[in-house]
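Accompanying notes for the structure given below.
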Amino acid sequence: MSWPYKDLLGTRELSKEEILLILHTAESFKEISRRDIKKVPTLRGKTIITAFYEPSTRTRVSFEIAAKRLSADTISISGTTSSAVKGETLKDTGKNLESMRPDVIVIRHSMPGAPHILAKALASSIINGGDGAHEHPTQALLDLFTIREKKGGLDGLKVAIVGDIAHSRVARSNIFAMKKFDMDVTCCGPPTMIPPFLEDLGVNVEYKLDKALADKDVIMMLRIQKERGGVSVIPSVKEYAMLYSLKEEHLQKANNGVIIMHPGPMNRGIEISDAVADGPYSVILDQVENGVAVRMAILFLLLGGES
Ligand code: CP
């Protein structure tokens with residue numbers, strides 16, 4: 001099976017089969033990443049630009065490592081060092097970058113829909129590395145890869161996503177992807193961090209942390225999205241931490257073998273305690289490792305590879 005689209009903009013529009021194609025392809029790339037020599041010639045001669053207009057550690061570095069492990073050439077630009085600061089529009093920047101004949105542009109932007117604007121305007125493949133509070137598809141795909149690896153499958157698993165759901169692109173992309181596998185998703189947080197449309201997506205809503213965690217196979221903790229106004233919708237961060245920080249004692253409520261996830265960056269002591277983040281149920285660093293394999297698979301498939 002080959003990839004049917006020019007771009008990867010979100011998980012909402014992907015089928016279960018297309019998600020499984022990426023996860024299956026990523027398995028062999030994970031094996032390559034664990035070799036002594038972590039490089040294959042698969043994308044030699046291809047050029048990949050990462051254009052990040054918002055800060056990033058994991059997404060940007062793992063796309064660049066993924067591209068380099070496939071022997072592609074990579075170039076990075078950032079919002080603060082590009083000519084965007086001189087008033088150039090996103091579309092003009094995209095058209096100018098495209099004149100240099102890149103094959104893929106990975107973009108992160110604070111404006112929801114920014115990757116979609118480039119995807120319409122350019123012939124290059126566009127990958128959404130996170131657009132405002134809208135979608136972060138590669139994060140959700142690496143999350144599903146990690147869940148499948150740790151739990152042996154996806155269908156029917158019970159998941160709690162806890163935190164600032166309203167401002168989280170990670171939550172949205174995960175919900176869209178998880179519901180394709182009939183996963184039982186419960187979102188938990190203060191009422192002001194729970195958007196009104198969630199139940200229409202087939203998601204349960206629970207405001208009490210203890211109740212949300214009962215019988216769960218997977219717990220995904222999210223940070224407060226300060227950059228999108230998350231702090232302004234709660235009385236105080238201290239109160240939030242008292243009510244929603246995941247501590248060791250909460251894990252008794254969950255199923256045996258529960259896994260604890262976090263997309264990063266973590267705000268330790270606010271949404272998650274040190275003991276849980278660094279404890280035996282945490283798969284947070286596995287998520288980061290798997291991000292490279294999943295992004296290698298996405299680059300490979302978008303550039304014409306077949307699983
Ligand atoms: N999970 C995630 O997107 O992390 P970065 O912001 O560091 O890329």
Side-chain angles (χ1 to χ4, degrees), residues 8-12 22-23 26 33 48-68 74 76-82 104-112 114-115 126-147 149-150 159 161-178 218-231 246 259-268 270-272 276-277 282-299:
L8 175 64
L9 301 178
T11 57
R12 186 174 208 158
I22 293 171
L23 304 190
S33 288
I48 292 159
I49 296 177
T50 59
F52 276 57
Y53 292 81
E54 278 190 332
S56 170
T57 298
R58 282 145 289 269
T59 310
R60 182 177 185 149
V61 171
S62 71
F63 262 116
E64 289 178 17
I65 289 178
K68 286 179 196 300
T74 60
S76 294
I77 63 166
S78 72
T80 48
T81 58
S82 78
V104 177
I105 300 174
V106 183
I107 178 169
R108 169 171 287 188
H109 204 287
S110 59
M111 183 174 67
I126 306 298
I127 299 177
N128 182 357
D131 61 328
H134 180 217
E135 281 231 37
H136 190 350
T138 64
Q139 179 68 44
L141 291 164
L142 74 88
D143 290 339
L144 288 196
F145 183 93
T146 306
I147 296 169
E149 181 178 68
K150 300 292 174 192
V159 184
I161 305 178
V162 181
D164 185 3
I165 312 291
H167 300 103
S168 173
R169 55 197 178 202
V170 174
R172 288 171 68 89
S173 285
N174 264 297
I175 290 167
F176 294 141
M178 287 173 174
V218 177
I219 299 172
M220 183 179 292
M221 302 305 295
L222 302 175
R223 78 183 164 88
I224 301 171
Q225 304 282 304
K226 291 180 186 155
E227 67 275 33
R228 282 187 267 286
V231 173
L246 188 66
I259 57 171
I260 309 302
M261 309 183 78
H262 194 305
M266 285 186 281
N267 288 149
R268 288 169 180 264
I270 299 178
E271 73 271 12
I272 193 164
V276 175
S282 171
V283 298
I284 294 167
L285 294 179
D286 298 271
Q287 290 172 262
V288 180
E289 178 182 2
N290 291 336
V292 176
V294 167
R295 290 174 175 123
M296 286 171 83
I298 291 165
L299 292 173

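Numbers for residues simply follow the sequence, beginning at 1. Source: prediction; values computed, not measured. Only heavy atoms go into these numbers, but all of them, side chains included; no hydrogens, no water, no symmetry mates. Counting starts at 1 for both ligands and their atoms, in listed order.
- Under the rule for a side chain to side chain donor-acceptor pair (under 3.5 Å), the partners of R108 that lie at least two apart in sequence or sit in another chain are T59, H136.
- A donor and an acceptor atom, one from each side chain of S173 and E135, are located under 3.5 Å apart.
- The backbone N or O of R228 lies less than 3.5 Å from a partner atom in the side chain of H167, making a donor-acceptor pair.
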List below, pair by pair, the N or O atoms of ligand 1 and of the protein that are less than 3.5 Å apart, including the distance to 0.1 Å; reply 'none' if no pair qualifies.
from     : atom 1 : to   : atom 2 : distance (Å)
ligand 1 : 1 (N)  : Q139 : OE1    : 3.0
ligand 1 : 1 (N)  : P263 : O      : 2.8
ligand 1 : 1 (N)  : G264 : O      : 3.3
ligand 1 : 3 (O)  : T59  : OG1    : 3.0
ligand 1 : 3 (O)  : R108 : NH2    : 2.9
ligand 1 : 3 (O)  : H136 : NE2    : 2.8
ligand 1 : 4 (O)  : R58  : NE     : 3.0
ligand 1 : 6 (O)  : R108 : NH1    : 2.9
ligand 1 : 7 (O)  : T57  : N      : 2.7
ligand 1 : 7 (O)  : R58  : N      : 2.9
ligand 1 : 7 (O)  : R58  : NE     : 3.1
ligand 1 : 7 (O)  : R58  : NH2    : 3.0
ligand 1 : 8 (O)  : S56  : OG     : 2.6
ligand 1 : 8 (O)  : T59  : N      : 2.9
ligand 1 : 8 (O)  : T59  : OG1    : 2.7
ligand 1 : 8 (O)  : R108 : NH1    : 3.4
ligand 1 : 8 (O)  : R108 : NH2    : 3.3

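- Side-chain contact of E289 with S33: a donor-acceptor pair under 3.5 Å is absent, judged by distance alone.
- Take R58 and apply the salt bridge (Lys or Arg N to Asp or Glu O under 4.0 Å) test, not counting sequence neighbours, and it matches no residue.
- Evaluation of the salt bridge (Lys or Arg N to Asp or Glu O under 4.0 Å) rule for K150 yields D286 as partners, not counting sequence neighbours.
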